[in-house]
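Report on the structure given below.
Remember, it's a predicted structure, so these values are computed and weren't measured experimentally. Below, each value reflects all heavy atoms present in this structure, side chains not excepted, and no hydrogens, waters or symmetry copies.
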Amino acid sequence: MTNTRPSWDEYFLGLVDAVAKRATCDRGRSGSLIVKDRQIVATGYVGSPPGHPHCDEDGHLFKQMLDEDGTVRTHCVRTIHAEQNAICQAARHGIAVQGATLYCSMEPCRTCAMLIASVGIRRVVAWRRYHAGQDSRMILAHSGVELVVIHEEVTSYQQQTGNQPESP
């Protein structure tokens with residue numbers, strides 16, 4: 001019986017799924033890894049800042065966003081994205097991420113894409129597409145960051161669009 005070893009991308013994406021299990025917002029239980037020279041240097045998952053309540057504890061904190069085409073999207077703003085948490089973890093510990101690869105559950109949002117470009121990460125590998133990823137793709141491409149998306153399916157959330165009340 002022959003063992004088929006996963007590629008490096010498959011290996012690290014499998015670990016992203018394990019990291020995502022720590023996420024505290026059920027709308028997007030995402031995980032992220034920053035890898036440099038095939039070594040994990042930081043991890044992150046969707047969660048609130050230290051000392052703040054999590055969605056799993058206190059519910060979501062919804063805000064409505066208006067797209068240029070008039071679509072109203074509902075975002076939970078209680079938590080920090082997995083990519084942001086991984087970058088913050090590296091910064092907190094003084095770990096340089098320039099030239100690294102970031103692995104994530106889905107394409108980064110616009111803000112995360114700007115952070116990724118700003119800290120010098122050169123490659124992003126995502127499991128799936130993000131429903132609002134067009135700006136992110138342009139930012140990453142313009143910054144010379146390679147983006148690899150494994151599955152073309154788009155990640156969607158419950159209560160993603162429409163008028164939703166804020167959590168109490």
Side-chain angles (χ1 to χ4, degrees), residues 13 15-34 41-93 95 97 100-121 124-143 145 147 149-168:
L13 283 171
L15 295 174
V16 163
D17 287 344
V19 171
K21 291 178 182 174
R22 290 278 309 154
T24 63
C25 181
D26 65 0
R27 291 188 80 230
R29 293 202 191 275
S30 297
S32 182
L33 303 174
I34 300 176
V41 298
T43 65
Y45 52 85
V46 173
S48 297
H52 290 251
H54 296 285
C55 296
D56 289 348
E57 300 164 349
D58 281 10
H60 299 290
L61 179 58
F62 286 126
K63 299 290 182 181
Q64 292 182 343
M65 310 295 180
L66 180 62
D67 289 346
E68 289 178 7
D69 67 0
T71 302
V72 177
R73 297 199 185 277
T74 304
H75 289 269
C76 178
V77 296
R78 186 177 299 283
T79 57
I80 301 169
H81 292 182
E83 300 87 346
Q84 294 166 355
N85 269 327
I87 291 168
C88 288
Q89 184 186 74
R92 185 179 303 118
H93 295 287
I95 299 169
V97 296
T101 297
L102 184 139
Y103 292 88
C104 49
S105 299
M106 71 184 99
E107 287 177 296
C109 73
R110 185 181 200 286
T111 300
C112 289
M114 290 189 294
L115 289 172
I116 289 164
S118 293
V119 299
I121 290 172
V124 174
V125 181
W127 270 122
R128 293 172 298 285
R129 294 271 178 212
Y130 174 54
H131 72 271
Q134 184 174 349
D135 283 351
S136 303
R137 290 188 287 275
M138 289 188 304
I139 290 165
L140 295 174
H142 184 78
S143 302
V145 178
L147 174 63
V149 179
I150 304 302
H151 301 289
E152 288 298 318
E153 74 183 71
V154 177
T155 301
S156 61
Y157 309 113
Q158 293 179 357
Q159 300 177 328
Q160 183 172 312
T161 59
N163 295 329
Q164 302 296 326
E166 288 189 16
S167 293

Task: Spacing of OH belonging to Tyr45 relative to OG1 belonging to Thr79, to within rounding of 0.5 Å - done: 11.5 Å
Open item on the list: Tell me whether Ser136 contacts the main-chain N or O of Cys109 through its side chain, where contact means a donor paired with an acceptor under 3.5 Å.
Closed with: yes
Task: Test item: Val97 and Ile87 side chains (from C-beta on) under 4.5 Å apart, heavy atoms - done: no
- [ ] Would you indicate whether Arg137, at its atom CZ, is surrounded by more than 12 heavy atoms from other residues, nucleotides or ligands within a distance under 6.0 Å?
- [x] yes
Open item on the list: For a quick test of reading the model, state the closest non-hydrogen atom pair linking Val149 to Arg129 and the distance between them.
Closed with: CG2-NH1, 3.4 Å
- [ ] Determine whether Cys25 and His54 make a side-chain contact, defined as any pair of heavy atoms from C-beta on separated by less than 4.5 Å.
- [x] no
Open item on the list: Looking at Arg128, is its backbone amide N or carbonyl O close enough to the side chain of His151 to form a donor-acceptor pair, meaning the two atoms are under 3.5 Å apart?
Closed with: no
Open item on the list: Can you give me the closest heavy-atom contact between Tyr130 and Glu107, atom names plus distance?
Closed with: N-OE1, 2.9 Å
Task: Smallest separation among heavy atoms of Asp17 and Trp127, with atom names - done: OD1-NE1, 3.2 Å
Task: Thr74 side, atom OG1; Lys63 side, atom NZ - distance, nearest 0.5 Å - done: 12.0 Å
TODO: Could you tell me whether a side-chain N or O of Arg78 sits under 3.5 Å from a main-chain N or O of Gly59, the two making a donor and an acceptor?
DONE: yes
Task: Heavy-atom check, side chain of Arg29 versus side chain of Asp56, under 4.5 Å - done: yes
- [ ] Using a 4.5 Å cut-off on heavy atoms from C-beta on, say whether the side chain of Glu83 contacts that of Thr111.
- [x] no
Task: Check: Pro108 and Ile116 side chains under 4.5 Å, non-hydrogen atoms - done: yes
Open item on the list: Can you confirm whether Ser30 sits close enough to Met106 that some side-chain heavy atom of one is under 4.5 Å from a side-chain heavy atom of the other?
Closed with: yes
TODO: Would you name the heavy atoms of Val16 and Cys104 that are closest together and state the gap between them?
DONE: CG1-C, 3.9 Å
Task: Rounded distance (nearest 0.5 Å) linking atom CD of Glu68 with atom CG of Asp135 - done: 7.5 Å
- [ ] Search all heavy atoms of Ala100 against all heavy atoms of Ile121 and return the closest pair with its distance.
- [x] O-CG2, 3.3 Å
Task: Between OG on residue Ser143 and CE on residue Met114, distance to nearest 0.5 Å - done: 10.0 Å
TODO: Check Ser48 against Pro53 and note the closest heavy-atom contact, atom names and distance.
DONE: OG-O, 2.7 Å
Open item on the list: Quick one, His60 with Asp26, criterion side-chain contact (heavy atoms from CB on, under 4.5 Å). Give me CA distance, side-chain angles, the key distance, then yes/no.
Closed with: CA-CA 9 Å; His60 299 290; Asp26 65 0; 2.9 Å; yes
Open item on the list: I'd like to know if the side chain of Ser32 and the backbone of Tyr103 have a donor-acceptor N/O pair within less than 3.5 Å.
Closed with: yes
Open item on the list: Can you tell me if His142 has over 12 outside heavy atoms packed within less than 6.0 Å of its NE2?
Closed with: no
